[in-house]
There are 2 protein chains.
Amino acid sequence: MSDVDLKRRRPTINDVADRAGVAIGTVSRYLNGGEIRKSNRRQIEEAIEALGFTRNAAAASMKSAKTGIIGFLVPTFDEFHASLLNHLAPLFRSTGHTMLTYSHEEDPRLFEDAMAFFVSQRVDALIAAGIPKADELLAGCVESGIPAVIYNNDVRGLFLDRVFVDNAKVVTRAINHLIEVGHTKIAICSGREEESTGAERREGYEAALTANEIFLRQDYIVSGDWSVESGYSAAQTLMSLKDPPTAVFAANYQMTVGILEWMREHSMRTPQDLALVSFDDVDLFRLYDEGITAIAQPVSQIAQAIASYAVSRIENTDLPNIRSRTLQCDIILRGSSGRSVRNREG
Amino acid sequence: MSDVDLKRRRPTINDVADRAGVAIGTVSRYLNGGEIRKSNRRQIEEAIEALGFTRNAAAASMKSAKTGIIGFLVPTFDEFHASLLNHLAPLFRSTGHTMLTYSHEEDPRLFEDAMAFFVSQRVDALIAAGIPKADELLAGCVESGIPAVIYNNDVRGLFLDRVFVDNAKVVTRAINHLIEVGHTKIAICSGREEESTGAERREGYEAALTANEIFLRQDYIVSGDWSVESGYSAAQTLMSLKDPPTAVFAANYQMTVGILEWMREHSMRTPQDLALVSFDDVDLFRLYDEGITAIAQPVSQIAQAIASYAVSRIENTDLPNIRSRTLQCDIILRGSSGRSVRNREG
DNA sequence: TTGTAAGCGTTATCAT
DNA sequence: ATGATAACGCTTACAA
């Protein structure tokens, strides 16, 4: 049968058993780390080596419930997720799990595809950022009994573990800092308000102004959509006002990049022409000019919380309560929020 | 049996068939898009909905050879890979494939784990950056008949499709640019020379100097390991020379960040104090000061080449020849390589 | 310790 | 178009 040559049928546990002169049960036990007579062990190892056998995970996972796979639904491979994934991978690895990613680009249809895919793969757990409309989709996963952990955006009313950061609180602190330095004309370039991160960051902004009895000017509140472009046009909008702000808080990294681009094109510098504080901290902010003051998410802690929730649910399928963890962010003070020359209120 | 409630046994095609009052073969045909009598179709859809059935991919892939999965062995989620993955995902999606990532952190053991995992999952194809020692590992995958595409670093002697960029050529052009602007004391912070990208980028550097009859000073050649730290110490080393360079080429993004950090700490600016050209282009380089001249890899084209090689091999398992594609990079001229005041050779 | 055999949830091949 | 049934490659009792 040259058929074997052509089709390259992969060797199975049967082939290994044949060649080693033992039963398939023995080979299986060998593969799963059971006790094997020394001579047989050698035979089996020889056979596996010679045949180039590798266990078919699909077949294996049909009997044993666990696949060892944890599926991560990545919105997009941005800096935050890149960092999060880099932290998460070793954590899952150390508990014997394999993390696989599937990117959905925040498209609900792709999110659904991703979910369906992971469910069909019978992953042991799912990690996802809550996105608008995710609730219905995640509900199905909850019903099917697959443990899931969500982060970033809340999804109400589902039996899921959650890991968040205290967006509102840290933003309030950041705005307070701008106020202390002398700013009163403080604008915000906010993210999508349908997402709880977007809403919370804006709430934090408003809370700070209110607490300091600074009037909430609607023209200082510009809604972005997290994108670089929306940051760029927010800067444009704000700086075209008759009474432009002296400081702006941008609710994420990308929008800050957009703002910086606009400023560069208009030869404006920070903090002299506009003070700046950004959510998320990246290389750029450390190196840019005198530095961009930024809110750093505790990525390592976030990763740890996610991993521990996921793994504990896998190992103990009937933990009765939802767990929820809200972590604190740090503010990294840099030049962009420094005292500026001409920003004292007249 | 409350057993069902507790264990939450997932509904199978059998349960669906029972409830719909048809045979499992019919349900299977429905699932795979076959012709079904209208009344039955309705019954089946009702049953699937009511039961919350989802096909078990593992079971399915036991009979049909294809899994529809393409495995990507990611070294680390850095900016280049983030971008590459973002480009690749939709391409594979459009051909009906699912791209999954597994990160190996350039650790040969993890690389091996990743390979074994994907092979055991019977992925349809594998994408990997060549890493040193990858050859032995990838050899196994070639033997087992899984098509693979490698990029970035070459791995000689294996039947694999390859996608590269012309590292040497573009670096030569970049160095020529520095020479044209008046530099002769040009240093390099090179990457790992065991990797072909590292070696080629250095070769490009040397070729430019040689062609311009500039003596190759060994003290201007500092070996880094691609990391931020190695860039930082390279800057330190170079600028401590009695006769320091006036320009430096850094072989990747991270090392440039390290160099910039060192320069910032020592209040040096670019290009006045040190001209700079970097491999890889990122937000930072566009926004930094007067900008950092950078070599931009054609990520979109790289993704397209990878996807087309992978998909064509999956669809036609016996393409006789290895395909190889070498793409050209662009040089984005910015301020950091501008004519500097005090860099004319004395 | 080992062999035997019964599944696991699909797909595919038959008749019908 | 549908139903019955034999694989697919493995794990896991159970018997030996």
Side-chain angles (χ1 to χ4, degrees), chain A residues 3-4 7-45 47-48 51-69 116-117 119-123 144, chain B residues 3-4 7-45 47-48 51-69 116-117 119-123 144:
Chain A
D3 169 292
V4 174
K7 300 254 179 174
R8 279 194 163 289
R9 190 180 68 80
R10 303 210 45 126
T12 74
I13 199 175
N14 273 294
D15 302 325
V16 174
D18 276 0
R19 173 157 182 143
V22 300
I24 61 167
T26 309
V27 177
S28 177
R29 212 144 7 84
Y30 166 81
L31 291 173
N32 295 299
E35 303 287 281
I36 299 290
R37 190 185 302 150
K38 226 173 188 175
S39 61
N40 279 337
R41 159 170 250 107
R42 251 195 296 277
Q43 297 294 314
I44 293 174
E45 281 167 349
I48 288 179
L51 264 30
F53 166 84
T54 49
R55 174 221 258 105
N56 181 329
S61 71
M62 286 196 56
K63 292 253 35 167
S64 56
K66 304 253 154 294
T67 55
I69 304 177
F117 174 79
V119 171
S120 79
Q121 292 291 323
R122 302 297 188 259
V123 295
S144 60
Chain B
D3 170 291
V4 175
K7 299 255 180 176
R8 281 193 163 287
R9 191 179 68 82
R10 303 210 45 126
T12 73
I13 199 175
N14 274 293
D15 302 325
V16 174
D18 277 0
R19 173 160 183 140
V22 299
I24 61 167
T26 309
V27 178
S28 177
R29 212 149 5 86
Y30 166 82
L31 291 173
N32 295 297
E35 303 286 282
I36 298 289
R37 191 186 301 151
K38 228 174 186 172
S39 61
N40 280 337
R41 157 170 253 107
R42 253 194 295 277
Q43 298 293 314
I44 293 174
E45 280 166 350
I48 289 178
L51 264 30
F53 166 84
T54 49
R55 176 218 259 101
N56 180 327
S61 70
M62 284 191 58
K63 292 260 17 168
S64 59
K66 305 250 155 297
T67 55
I69 303 176
F117 174 80
V119 171
S120 80
Q121 293 291 324
R122 302 296 188 259
V123 295
S144 60

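Labels below follow one simple rule: chain letters A, B, ... track the order of the sequence lines, proteins then strands, and each chain is numbered from 1.
Side-chain atoms of I36(A) lie closest to dT2(C) of the nucleotides dC8(D), dT11(C), dT2(C). Distance from the side chain of R37(B) is smallest to dT2(D) among dT2(D), dT10(C), dT11(D). Distances from the side chain of M62(A) to the nucleotides dG9(C), dT10(C), dC10(D) place dG9(C) closest.
In this structure, I13(A) places its CD1 atom 13 Å from C1' of dC8(D), rounding to the nearest Å. Distance, N32(B) CG to dT13(C) C1': 15 Å, rounded to whole Å. In this structure, the NZ atom of K63(B) is 12 Å from the P atom of dA6(D), given to the nearest Å. In this structure, the CG atom of L51(A) is 13 Å from the P atom of dG9(D), given to the nearest Å. Separating the NZ atom of K38(A) from the P atom of dT2(C) is a distance of 13 Å, rounded to the nearest angstrom. With rounding to whole Å, I44(B) atom CD1 is found 8 Å from dG3(D) atom P.
Within residues 19-31 of chain A, the residues having any heavy atom under 4.0 Å from DNA chain D are, by residue number, I24(A), G25(A), S28(A).
Taking the salt bridge (charged side-chain N to carboxylate O under 4.0 Å, His left out) definition, one finds that R122(A) meets it with nothing, sequence neighbours left out.
With contacts defined as side-chain heavy-atom distances shorter than 4.5 Å, the pair N56(A)/M62(A) does not qualify.
When heavy atoms are screened at a 4.0 angstrom cut-off, N40(B) is found touching the sugar-phosphate backbone but no base atom. S39(B) comes within contact range of no nucleotide atom at all, as no heavy-atom separation falls under 4.0 Å.
Both A59(B) and R41(B) sit near DNA chain D, but only R41(B) has its closest nucleotide nearer the 5' end.
Partner Y30(B) forms a side-chain contact (heavy atoms from CB on, under 4.5 Å) with one of N40(B), I48(B), I13(B) and no other, that one being I48(B).
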Which pairs would a plain distance check flag for residues 16-29 of chain A, meaning a side-chain donor or acceptor within less than 3.5 Å of a matching protein atom at least two apart in sequence or in another chain?
from	atom 1	to	atom 2	distance (Å)
R19(A)	NE	E46(A)	OE1	3.3
R19(A)	NH2	E46(A)	OE2	2.9
S28(A)	OG	N32(A)	ND2	3.4
R29(A)	NH1	E35(A)	O	3.3

